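Values in this document were obtained by computation on a predicted structure and should not be read as measured data. To find a chain, count down the sequence lines: A is the first, B the second, and so on, and within it residues start at 1.
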There are 4 protein chains.
Amino acid sequence: MRKLDPVKHEKKRQEILGAAMRCFLRSGLKGASTAEICAEAGISPGHLYHYFDTRDAIVAALIEGRLEKVTEQLKAGIQGARSIVETLAPELEGQPGGAAAMALIFDMMAESKRNPEMGKIVNSHNRGIREILVEMLRYGQSRGEVEAKLDLEVAATTIMALMHGAKVVAMQNPKEAGKAMPVLRQLLVHLLMTPMESAGAEPPRAKKTVARARS
Amino acid sequence: MRKLDPVKHEKKRQEILGAAMRCFLRSGLKGASTAEICAEAGISPGHLYHYFDTRDAIVAALIEGRLEKVTEQLKAGIQGARSIVETLAPELEGQPGGAAAMALIFDMMAESKRNPEMGKIVNSHNRGIREILVEMLRYGQSRGEVEAKLDLEVAATTIMALMHGAKVVAMQNPKEAGKAMPVLRQLLVHLLMTPMESAGAEPPRAKKTVARARS
Amino acid sequence: MRKLDPVKHEKKRQEILGAAMRCFLRSGLKGASTAEICAEAGISPGHLYHYFDTRDAIVAALIEGRLEKVTEQLKAGIQGARSIVETLAPELEGQPGGAAAMALIFDMMAESKRNPEMGKIVNSHNRGIREILVEMLRYGQSRGEVEAKLDLEVAATTIMALMHGAKVVAMQNPKEAGKAMPVLRQLLVHLLMTPMESAGAEPPRAKKTVARARS
Amino acid sequence: MRKLDPVKHEKKRQEILGAAMRCFLRSGLKGASTAEICAEAGISPGHLYHYFDTRDAIVAALIEGRLEKVTEQLKAGIQGARSIVETLAPELEGQPGGAAAMALIFDMMAESKRNPEMGKIVNSHNRGIREILVEMLRYGQSRGEVEAKLDLEVAATTIMALMHGAKVVAMQNPKEAGKAMPVLRQLLVHLLMTPMESAGAEPPRAKKTVARARS
DNA sequence: CATGAATGAGTATTCATTCAT
DNA sequence: TATGAATGAATACTCATTCAT
């Protein structure tokens, strides 16, 4: 008798989160008020707090959810045995939600720099994504898809930069960005595959080698 | 809004803009209130409206100023007869203002997607920057620094993606990003030197070089 | 509000009242919310209204209960055949609950001035207490413990003033108040023993002195 | 040009405080909302915060003001060369504002137990009042109006208890309280003047006396 | 040019209470 | 008997902006 229906509760929670997402897409992370969210969700202002302690809790849940989704997609890509480039290609293109979704992502990034609570969430997920990328690259190395001597950590960071950069230009100018995507893809290929001329001589600390990064 | 002494007026205006910038860096584009700005600028709330019709006008002026600065820097670089890579290198690295400055840039980008007024400003400047880049690349071609067959518009867009991507990772994880910057630089070199149409072709210039990263 | 098992119902009611009292002591009469009370009582917000029609009903019940307790204590004192001074002495000292309990009493007194419903309750109990005191004094007269000519109604009011005054100083400054209590007790003795009509007369019983207090 | 008219500012501030006091008298310290206060003062909700940082700041200012008034009255009394009893007599009677004013005083006392900020204010003023009383009593001793051996600190505390007790009964039952006031006055006289029988032998620590107080 | 008084809609959040289950 | 979903008015407080001086 304690919890009559935790399933229903969670369902409503997700419903509200959906409404909140629509509001944030429409009005921005700071621009959407609790009133707007309640109206969108079709609930009373007080009722919102039955599901979330705080407006920030909604934002946090949303960021977390979004990042989890990205993580899952990457993970799914890695397990799908497709080539790394094919797996990452969609990330180099626009988001499904379009410009608004990307604007929201930038809102979130900016917010995570100012609100330490969200900074933690975002940072932890960034780390998670980089780990996935590293794993993906390592697997790529074992298949010969990725240059063996590549410093995977640094490569992962670089890939993230490519992904984010692609998103920015996609947001600002989708048309031009579309044309640039194949180029970005070629840069990605180049990053993964660069043939090393100084191949013969690899000293333990790899003097003339490529993509050597040290933590 | 009448100005008796236009010089002094403009000076004060810039002073206020400086104060506003400090506030925006501190509290975000939406987070800084006019009250905060007035306090920082040492003026009364009413007086603010002698210099700006609206809070948004401050934001617009600030965005405009910031973009003009970037444009000028690029222009200065092009005229300094340095190589393209050298000119663009600083853009691949962190901003002077640090993470806060980058967070603010993302605030601005997000805002420009939602506020059409600012969208216009940002778009026009984006176009300006791309034109500068194109010009820069064309000049590079004439010097043999840039592959002749490169589609300059597309290359410019790609460069902008690299620049933005670098900023994002620099904001989120300055340490790792520092290591990735040389790699991004190598990708830039590759972009300029490679005939991108011939997919993944053999780059004759990628000799001792590519993607060597070292902290 | 229907009660199937009146005994159990009343038991639960008292349980809730206890929880409410703890909340009121902690957060004040206005400061404690129904939510806080429900949490403390371990029941759901809706369930509270099976036992009380209104938040005010809880307050009323609590005031009533508290006053009944005081009344009973006084009655018990009177029947215990102890001297009046001994019976009243504890009332001149601090409350068991300490400062919080006294603060709550003052909350209640203030509330009773503004909420007529509670005013009635408090007034009726005040009258009850005065009657008890009068009865007590009359019995004291019959034993020669109380001056025969004393106006008992007035004396009872005065005693109530002493009791309340003691509580105030005990709440505000328990340390100093502790030293003043014996003095108040002497004033009580003086009140009972002196024919008050003869203004400032020579008190034959004030032998070994009054009001000598030491810091 | 800095401050156009600090006098006007202070005047308005006092005006608002007056309105707030009326609200607190009407609805209680916790019961009066900022909206109610603004309406009573005839200002907009936002404007209130031009004069006070916080609702609590209003309460604090009000408590402080009220206590200062009491302090001044006592001081005026002491300097007016009237007898102590005459000076204190009005304090034993009802407040000018009637029951509501007293209810508010009890609200304040209760609040000062829960809000440390106000606790400080109230405590400091309580100390101030006790010091005035002590001074008053010392002066009385020099005039022979007060028994020489009286412990002035303890006597002051006792007097405060009488004053507060008088207020409580005045609030709860003004009619009966009116009759009791002369008795309280006699108790006060008794407290101040009690002739010590064990007068000859005053050991430093007052052995055989009565009203020996010890914590 | 400059002040600060003034506004009123808007902010997130809390509240006592009701109701379907 | 008991739950927790749901309400909507109320809470203290902030905001960009206007205006008389």
Side-chain angles (χ1 to χ4, degrees), chain A residues 1-6 8-9 12-13 30-38 42-58, chain B residues 1-5 8-9 12 30-38 42-58, chain C residues 1-5 8-9 12 30-38 42-58, chain D residues 1-6 8-9 12-13 30-38 42-58:
Chain A
M1 237 189 229
R2 250 330 43 155
K3 276 240 158 44
L4 252 93
D5 201 343
K8 233 166 139 186
H9 182 92
K12 188 86 189 176
R13 216 184 110 101
K30 291 234 169 184
S33 68
T34 53
E36 188 185 340
I37 294 170
C38 288
I43 61 174
S44 65
H47 199 33
L48 184 66
Y49 292 83
H50 208 72
Y51 296 94
F52 300 94
D53 282 346
T54 281
R55 202 197 95 116
D56 273 10
I58 300 176
Chain B
M1 286 299 281
R2 291 286 133 73
K3 30 191 161 172
L4 296 176
D5 181 341
K8 252 170 99 181
H9 182 89
K12 188 82 189 174
K30 292 238 167 183
S33 67
T34 53
E36 187 185 341
I37 294 170
C38 289
I43 61 172
S44 64
H47 199 35
L48 184 68
Y49 290 82
H50 278 267
Y51 296 95
F52 300 94
D53 281 342
T54 281
R55 201 196 98 114
D56 271 8
I58 301 176
Chain C
M1 287 297 280
R2 290 287 132 72
K3 29 193 162 172
L4 294 178
D5 181 341
K8 251 169 102 180
H9 182 90
K12 189 82 188 174
K30 292 239 169 184
S33 68
T34 52
E36 187 185 341
I37 294 170
C38 287
I43 61 172
S44 64
H47 200 35
L48 185 67
Y49 290 82
H50 278 267
Y51 296 96
F52 300 93
D53 281 342
T54 282
R55 201 196 99 115
D56 272 8
I58 301 176
Chain D
M1 238 191 230
R2 227 51 269 238
K3 273 241 161 39
L4 253 93
D5 200 343
K8 232 166 136 186
H9 182 92
K12 188 86 190 176
R13 216 183 111 101
K30 291 236 167 181
S33 68
T34 53
E36 188 186 341
I37 294 171
C38 288
I43 61 173
S44 64
H47 199 32
L48 184 67
Y49 292 84
H50 208 71
Y51 296 94
F52 299 95
D53 282 345
T54 280
R55 202 197 94 117
D56 272 11
I58 301 176

Phosphate OP1/OP2 of dT13(E): any Thr54(A) side-chain N/O under 4.0 Å: yes

Aromatic plane relationship, His47(D) with Tyr51(D) - under 30° parallel, 30 to 60° tilted, over 60° perpendicular: perpendicular

dA2(F) OP1/OP2 closer than 4.0 Å to side-chain N/O of Tyr51(C): yes

Sugar-phosphate, base or nothing in reach of Phe52(D), heavy atoms under 4.0 Å: nothing

Between dT3(F) (P) and His50(C) (NE2): distance, integer Å: 9 Å

Short side-chain N/O contact from Tyr49(A) to OP1 or OP2 of dT13(E), under 4.0 Å: yes

Nearest atoms (heavy-atom pairs only) where Cys38(C) meets Ser44(C): SG-O, 3.8 Å

Nearest-nucleotide 5' precedence on DNA chain E, Asp53(A) against Lys8(A): Asp53(A)

Touch class at under 4.0 angstrom, heavy-atom based, for Thr34(B) against every strand present: base

Flag side-chain contact, heavy atom, 4.5 Å: Ile43(A) against Lys12(A): yes

Ser44(D) side-chain N/O to dG8(E) phosphate OP1/OP2 under 4.0 Å: no

DNA chain F: 5'-proximal contact among Pro45(D) and Pro45(A) (nearest heavy atom): Pro45(A)

side-chain N/O His9(C) vs dT1(F) OP1/OP2, d < 4.0 Å: yes

Sugar-phosphate, base or nothing in reach of Leu48(C), heavy atoms under 4.0 Å: nothing

Upstream residue (5' side of DNA chain E) when His47(B) and Gly46(A) are each assigned their closest nucleotide: His47(B)

Comparing Asp56(B) and Lys12(C) on DNA chain F - which has the more 5′ nearest nucleotide: Lys12(C)

